[in-house]
Colleague: 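I have a structure I would like to understand better, so I am pasting it below and will then ask my questions one at a time.
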Amino acid sequence: MTSTINLQATLACGQVFHWRERGGGSWEGLIGESLAVVGQGPSGELQVLAGREDSVRNYLAMDHDLEAVYRGFPSDPTMGAALEFCRGLRIIRQPEWECLATFITSSMKQVAHIRQMSFALRQQFGRKVAGTDWLAYPTAAALASATEDDLRGCGLGYRAKYLRGTAQRVAEGSADLAAWRKLPDSELRTALSTLPGVGRKVANCVMLFGYERLAAFPVDTWIARILQRTYWRGGKKPTPLQLEQNLAERFGPQAGYAQQYLFHHARSTEGRGSPT
DNA sequence: TGCCAGGCCAAAT
DNA sequence: ATTTGGCATGGC
């Protein structure tokens with residue numbers, strides 16, 4: 001079978017925050033500083049309508065073997081329902097800095113507002129992409145030289161200080177995001193966690209969505225509810241860290257995929273926060 | 001109106 | 001080592 005993708009699930013599941021749906025089920029966004037437009041053919045195959053074919057397919061992780069991923073999922077009704085709902089959702093390969101920065105702004109925010117903040121930062125500090133109405137996500141240097149009040153003006157609230165502090169670490173080179181690629185998972189998590197505004201949950205998101213660490217298992221409020229309700233067999237209410245450490249291996253070496261399927265399914269079907 | 005949101009940090013057990 | 005309170009802002 002040819003590898004396929006569910007664009008709606010992939011681009012609106014809360015792993016990336018700037019893609020826009022256009023008419024006819026096609027989607028438009030930036031990959032770095034290049035415009036990309038993607039759609040799906042009658043049998044669901046990916047169509048690259050703008051952008052370099054190989055670059056787009058790499059960004060969308062079309063090489064991930066989803067059937068192999070699914071074989072690693074536990075077989076229970078909760079996971080089965082999430083799989084049916086999300087089938088074709090891919091964990092994509094985002095640029096490290098953009099992923100890190102957007103997840104620093106994500107704490108205690110709904111997905112819709114993370115998108116707003118991301119958009120405001122692009123409009124205020126991003127570089128224009130010629131021939132389009134897009135602005136690229138601002139560089140670390142651009143945000144490092146912004147004032148905290150400038151960032152608050154983009155709706156960041158108390159996160160402004162965190163984002164600015166991390167931008168300065170990246171811009172001055174004491175946090176070398178590209179070099180960190182060679183670190184094993186636990187050391188990468190430790191390195192990321194030295195940055196302002198990056199705790200265990202954000203570090204796991206950046207590992208999963210920016211570093212292709214598919215075993216990373218972010219536990220947020222949604223996932224915590226699901227895990228407690230369905231998988232936790234213990235007396236006391238578990239901490240997020242307990243849930244992560246005790247349950248991640250149940251979902252296999254690509255636990256991050258299972259996590260994202262559970263997250264997107266729950267958020268899409270249990271009321272508020274419709275993914276738009 | 002009140003509650004919660006893809007949490008993190010520093011202070012206080 | 002673990003728990004608690006504060007934090008900005010917007011949607012429902």
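Residue numbering restarts at 1 for every chain, and letters A, B, ... go by the order of the sequence lines.
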Colleague: Tell me the interatomic distance from A/L243, atom CG, to B/dG7, atom P, rounded to whole angstroms.
Modeller: 14 Å
Colleague: Taking only Lys NZ, Arg NE, NH1 and NH2, and the carboxylate oxygens of Asp or Glu, determine whether A/E45 and A/R57 approach each other closer than 4.0 Å.
Modeller: no
Colleague: Picking from B/dG6, B/dG7, C/dT3, which would you name as closest to the side chain of A/F209?
Modeller: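 Between B/dG6, B/dG7, C/dT3, the one nearest the side chain of A/F209 would be B/dG6.
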Colleague: Side chain of A/R159 only, heavy atoms from C-beta on: which candidate in C/dA8, B/dC9, B/dG7 is closest?
Modeller: C/dA8
Colleague: Is the number of heavy atoms from other residues, nucleotides or ligands under 6.0 Å of A/E249 CD greater than 12?
Modeller: no
Colleague: Answer yes or no as to whether B/dG6 has its base stacked against A/F263, where stacking requires a ring-centre separation under 5.5 angstrom and planes under 30 degrees apart.
Modeller: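 The base of B/dG6 is stacked with A/F263 (centres under 5.5 Å, planes under 30°).
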Colleague: Less than 4.5 Å apart, any side-chain heavy atom of A/Q15 and any of A/I92?
Modeller: yes
Colleague: Between atom CG in A/N204 and atom C1' in B/dC8, what is the gap in whole Å?
Modeller: 14 Å
Colleague: Of all the nucleotides listed (B/dA5, B/dC8, C/dT9), which has the minimum atom distance to the side chain of A/K201?
Modeller: B/dC8
Colleague: Nearest nucleotide by nearest heavy atom, which residue falls closer to the 5' end of DNA chain B, A/L195 or A/Q259?
Modeller: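 Per heavy-atom nearest nucleotide, the more 5' residue is A/Q259.
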Colleague: For C/dC7 and A/R152 - does any side-chain N or O of the residue sit under 4.0 Å from the phosphate oxygens OP1/OP2?
Modeller: no
Colleague: In whole angstrom, give the distance that lies between atom CE of A/M117 and atom P of C/dG11.
Modeller: 11 Å
Colleague: Would you mind reading off the distance between A/L100 atom CG and B/dG7 atom P, rounded to a whole angstrom?
Modeller: 16 Å
Colleague: Please, what dot-bracket string fits DNA chain B when only Watson-Crick and G-U pairs with both distances under 3.5 Å count, crossing ones use [ ] and pairs to another strand use |?
Modeller: .||||.|||||||
Colleague: Roughly, in whole Å, what's the span from CD in A/E244 to P in B/dG6?
Modeller: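 Interatomic distance, CD of A/E244 to P of B/dG6: 19 Å.
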Colleague: Once hydrogens and angles are ignored, does a donor-acceptor distance under 3.5 Å link the base of C/dG11 to the side chain of A/Q116?
Modeller: no
Colleague: Any cation-pi pair here, A/R20 with A/W134, using under 6.0 Å and within 45°?
Modeller: yes
Colleague: Base, sugar-phosphate or nothing for A/L262? Non-hydrogen atoms, less than 4.0 Å.
Modeller: nothing
Colleague: Work out how far the P atom of C/dA8 is from that of B/dA11, and round it to whole angstrom.
Modeller: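 Each nucleotide's P atom is 15 Å from the other's.
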Colleague: Quick one: does A/Y158 reach the base of B/dG7 with a side-chain donor-acceptor pair under 3.5 Å?
Modeller: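 Present.
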Colleague: Heavy atoms under 4.0 Å, any strand shown: does A/P196 hit a base, just sugar-phosphate, or nothing?
Modeller: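 If one applies the 4.0 Å heavy-atom cut-off, A/P196 turns out to touch the sugar-phosphate alone, with no base involved.
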Colleague: Taking any heavy-atom pair under 4.0 Å as a contact, classify A/V202: base, sugar-phosphate, or nothing.
Modeller: sugar-phosphate
Colleague: Give the rounded distance in Å between these two atoms: CD of A/Q110 and C1' of B/dC4.
Modeller: 7 Å
Colleague: Classify A/G197 by what it touches in the nucleic acid, base, sugar-phosphate, or nothing, heavy-atom distance under 4.0 Å.
Modeller: sugar-phosphate
Colleague: Establish, yes or no, whether a centroid distance under 6.0 Å links the rings of A/Y257 and A/F73.
Modeller: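 Here the rings of A/F73 and A/Y257 have centres that are no less than 6.0 Å from each other.
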Colleague: With rounding to the closest Å, how many angstrom separate the P atoms on B/dG6 and C/dT4?
Modeller: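 Looking at atom P only, B/dG6 and C/dT4 are 23 Å apart.
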Colleague: Tell me: NE2 of A/H113 to P of C/dC12, nearest whole Å?
Modeller: 12 Å
Colleague: Which of these nucleotides, B/dA5, B/dC9, B/dG6, is closest to any side-chain atom of A/D220?
Modeller: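 Nucleotide nearest to A/D220's side chain: B/dG6.
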Colleague: Heavy-atom count check: over 12 atoms from other residues, nucleotides or ligands less than 6.0 Å from A/Y158 OH?
Modeller: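 Yes, because the 6.0 Å sphere around OH of A/Y158 holds more than 12 heavy atoms from other groups.
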Colleague: State whether A/D63 and A/R93 are salt-bridged, where the test is any N-O pair (Lys NZ or Arg NE/NH1/NH2 against Asp/Glu carboxylate O) under 4.0 Å.
Modeller: yes
Colleague: Where each residue is assigned the nucleotide of DNA chain B containing its nearest heavy atom, which of A/M108 and A/A203 is assigned the position nearer the 5′ end?
Modeller: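 On the 5' side of the pair lies A/M108.
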Colleague: Send over the distance from A/K109 NZ to B/dG7 C1', rounded to a whole Å.
Modeller: 12 Å
Colleague: Which part of the nucleic acid does A/Q242 contact within heavy-atom distance under 4.0 Å: base, sugar-phosphate only, or nothing?
Modeller: nothing
Colleague: Rounding to an integer number of angstrom, what distance separates B/dC4 and C/dG6 when you compare their C1' atoms?
Modeller: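 The answer is 16 Å between these two C1' atoms.
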Colleague: Mark yes when over 12 heavy atoms from residues, nucleotides or ligands other than A/R127 sit less than 6.0 Å from its CZ; otherwise mark no.
Modeller: no
Colleague: If I take atom OG1 from residue A/T239 and atom CZ from residue A/R200, how far apart are they, to the nearest 0.5 angstrom?
Modeller: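 Spacing of OG1 (A/T239) from CZ (A/R200) equals 10.0 Å.
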